[in-house]
Amino acid sequence: MKMIPATEGGYALLHEGVQAFADIESNGICIDVPYLNRTIKKTERRITRLERQLHSSKVFKVWKRMFGNKTNLSSGEQLGKVLFDEIGHKSPGLTKSGQHKTDEESLAKVKDPFVADYLNLIKLRGVLSKNLRGLLSEVTDGKIHSFFNLHTARTYRSSSERPNFQNQPIRDPDIGTLVRSCFIPRRGRKLVEADYSGIEVRVAACYHKDPRMIEYIVDTTKDMHRDMAMECYLLQESDVNKSIRYCGKNMFVFPQFYGSWWRDCSLHLWEAIHKMNLKTASGVPLLDHLRSKGIKKLGQVAVGEDPVKGTFAHHIMQVERHFWNVRFKQYSQWKKDWWQQYLDLGYLHTLTGFVCSGFMRKNEVINYPIQGSAFHCLLWSLIRIVRYELKRRKMKSLVIGQIHDSILGDVVPEEEAEFVHLVHHVMTVELPKVWRWLCVPLEIEVDVSPVDCSWAEKEEVSIPRL
DNA sequence: AAACAGTGCGCG
DNA sequence: AAAGCGCGCACTGTTT
């Protein structure tokens with residue numbers, strides 16, 4: 001696969017983009033080194049305690065017997081042999097090289113108290129080596145200077161390394177706080193983070209122009225994720241709470257956009273009912289609710305088989321059909337046309353001035369232009385802010401990082417209002433004026449930390465109208 | 001000792 | 001007919 005900037009605009013974006021990134025890399029991000037050192041020690045102690053606990057378990061006795069002095073708690077291969085070959089738990093499936101799978105999802109099915117402690121240990125070891133020691137090893141003079149690349153990602157997104165600034169924990173609140181507390185602003189300043197809201201969905205709409213999708217974007221009283229959660233779990237609008245909406249969004253809508261299908265979606269939606277103990281807003285367990293609607297089981301089937309009527313899998317298959325054939329008919333047609341056009345031409349062009357050519361799978365052909373162009377919205381804005389606006393206004397505040405659809409600023413408190421207004425204006429007003437293909441409005445969300453407080457303490461602020 | 005493939009997991 | 005996109009990093013186990 002090859003991707004090249006095929007227009008002046010595409011070339012300029014990369015040319016100015018690397019210069020803006022160089023500024024950001026040179027600025028660097030302050031690290032609370034004393035906190036980091038304390039946290040490393042604390043985490044080491046937690047790991048030692050966990051290891052001691054695991055060493056006294058039954059499973060570990062078996063492990064030790066099988067592997068002797070080669071016993072290694074970090075070896076997934078060894079764990080698989082212990083649990084599934086020796087002890088006799090049901091194997092969750094094999095990897096492509098024929099080992100038993102030992103990822104978190106696979107192990108969740110294993111009913112052995114050892115597994116929860118083991119997963120805890122693995123997680124904590126990862127945090128220690130990657131997010132704490134790994135971070136410390138990149139600190140010079142109290143700062144890190146992560147690299148931001150424009151020449152590595154197949155989609156012409158960016159990437160980041162040494163350390164990777166773009167995958168710092170946040171989804172697990174405890175680990176997120178532990179790690180993000182390391183990242184602090186310069187003395188007397190604040191961290192300000194501005195994210196595009198749903199940028200990939202909006203950019204996708206600029207490709208397919210599906211009227212129903214545009215309606216969802218433009219009309220803020222409408223909510224696509226809530227609506228799909230309602231369909232998937234057969235609920236009324238008033239029954240949908242936050243976690244049910246979360247499942248609709250992350251286990252149906254986004255997987256469908258990325259090319260997943262009813263078989264995987266139904267499995268994940270069904271498992272979420274148990275794992276997240278889902279209840280309707282009025283407190284009825286979701287399993288009971290579905291039973292009252294005549295759906296009693298998942299009805300998992302092998303690839304190639306049709307699900308039995310009345311099962312959850314069959315229901316989700318119908319939801320998927322309606323989603324693509326009725327609700328987002330034009331989006332669906334665009335995907336077909338876009339794929340066919342690639343087959344005819346052997347390449348595709350993006351709205352931001354790039355051409356991708358070479359062998360690509362269908363899902364790649366659909367996703368690459370959307371992912372790349374969505375990031376380019378951020379990149380254009382970032383260039384404008386870093387290389388023009390902050391300089392022209394002689395502001396002291398700095399941009400210090402970027403995560404695909406968000407920028408992170410290290411902001412002087414007196415400049416906070418101007419900074420927030422500036423990024424809002426560039427990202428949502430100036431950009432759509434220049435890129436006329438943006439046929440839907442863009443929105444951002446801004447989070448700010450108090451003065452001298454870490455990235456863990458960011459909180460959403462409203463955007464002042466100036 | 002260094003390089004490589006495979007696995008798993010963090011983020012968008 | 002096929003069936004989730006992108007990235008980097010740590011670690012294991014094997015090959016060079």
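In what follows, chains carry the letters A, B, and so on, assigned in the order in which the sequence lines appear, proteins first and then strands, with residues in each chain numbered from 1.
Look at CD1 on A:I144: it is 12 Å from P on C:dC9, rounded to the nearest Å. The CZ atom of A:F67 sits 12 Å away from the C1' atom of C:dT12 (whole-angstrom rounding). C:dC7 atom P lies 17 Å from atom CZ of A:F148, rounded to whole Å. A:L269 has its CG atom 15 Å from the P atom of C:dG4, to the nearest Å. Atoms NZ (A:K336) and P (C:dA2) sit 18 Å apart, rounded to a whole Å. Whole-Å rounding puts the A:L267 CG to C:dG4 P distance at 13 Å. When the C1' atom of C:dT12 is taken as reference, atom NZ of A:K70 falls 13 Å away, rounded to whole Å. Protein atom CZ of A:F257 is 17 Å distant from nucleotide atom C1' of C:dA3, rounded to whole Å.
Distance noted for atom C1' between B:dG10 and C:dA3: 25 Å (whole Å).
Between the side chains of A:S197 and A:E445, no donor-acceptor pair is found at a separation under 3.5 Å. A:R162 and A:S146 form no side-chain donor-acceptor contact under 3.5 Å, judged by distance and modelled atom types alone. Using modelled atom types, one finds a donor on one side chain and an acceptor on the other under 3.5 Å when comparing A:Y216 with A:D227. Residues A:Q256 and A:W261 bring no donor and acceptor atom of their side chains to less than 3.5 Å of each other. Between the side chains of A:E51 and A:T48, no donor-acceptor pair of N or O atoms lies under 3.5 Å.
Of all nucleotides listed (C:dG6, C:dG4, C:dC7), C:dG4 comes nearest to the side chain of A:S260. Nearest nucleotide to the side chain of A:E161, out of C:dG4, C:dC7, C:dC9: C:dC9.
Applying the 4.0 Å criterion to OP1 and OP2 of C:dC5, one finds that A:T155 has every side-chain N and O outside that range. The side chain of A:S129 places no N or O atom within less than 4.0 Å of a non-bridging phosphate oxygen (OP1 or OP2) of C:dA10.
Between A:E138 and A:R133 no salt bridge is recorded (no basic side-chain N to carboxylate O distance below 4.0 Å). A salt bridge does not link A:E86 to A:K81: none of the charged nitrogens lies less than 4.0 Å from a carboxylate oxygen. Using a 4.0 Å cut-off between charged side-chain N and carboxylate O, A:K41 and A:E44 make no salt bridge.
For the contact set between residues 35-54 of chain A and DNA chain B, defined by any heavy atom under 4.0 Å, there are no members. Proximity of residues 309-322 of chain A to DNA chain B (heavy atom under 4.0 angstrom from any strand atom) is not detected for any residue.
Using a 30° and 60° split on the angle between ring planes, A:H404 and A:F375 fall in the perpendicular class, above 60°.
Between A:F354 and A:H376, the distance from one ring center to the other falls under 6.0 angstrom.
Every residue two or more places apart in sequence or in another chain was checked for a salt bridge (charged side-chain N to carboxylate O under 4.0 Å, His left out) with A:R263, and none qualifies. Every salt bridge (charged side-chain N to carboxylate O under 4.0 Å, His left out) that A:D410 has, sequence neighbours left out, goes to A:R186, A:R189.
By the 4.5 Å heavy-atom criterion applied to side chains, A:F252 and A:I316 are counted as neighbours. A:W262 has its side chain within reach of A:P307: a pair of non-hydrogen atoms, C-beta onward, lies under 4.5 Å apart.
Shown are A:V192, A:D195, A:L408; of these, the side chain to side chain contact (heavy atoms under 4.5 Å, CB included) with A:D447 is made only by A:D195.
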> With Watson-Crick and G-U wobble geometry limited to distances under 3.5 Å, how should the secondary structure of DNA chain B be encoded in dot-bracket form, using | for bases paired to another strand and [ ] for crossing pairs?
Replying inline: ||||||||||||
> Could you write nucleotides 7-12 of chain B as a row of B, S and -, 5' to 3', where a protein heavy atom under 4.0 Å of any base atom gives B, of only sugar-phosphate atoms gives S, and otherwise -?
Replying inline: SBBBBB
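Across all strands, A:N72 comes closer than 4.0 Å only to sugar-phosphate atoms, never to a base (heavy-atom distances). Backbone-only engagement by A:G259 is indicated by non-hydrogen atom pairs under 4.0 Å involving sugar-phosphate atoms exclusively.
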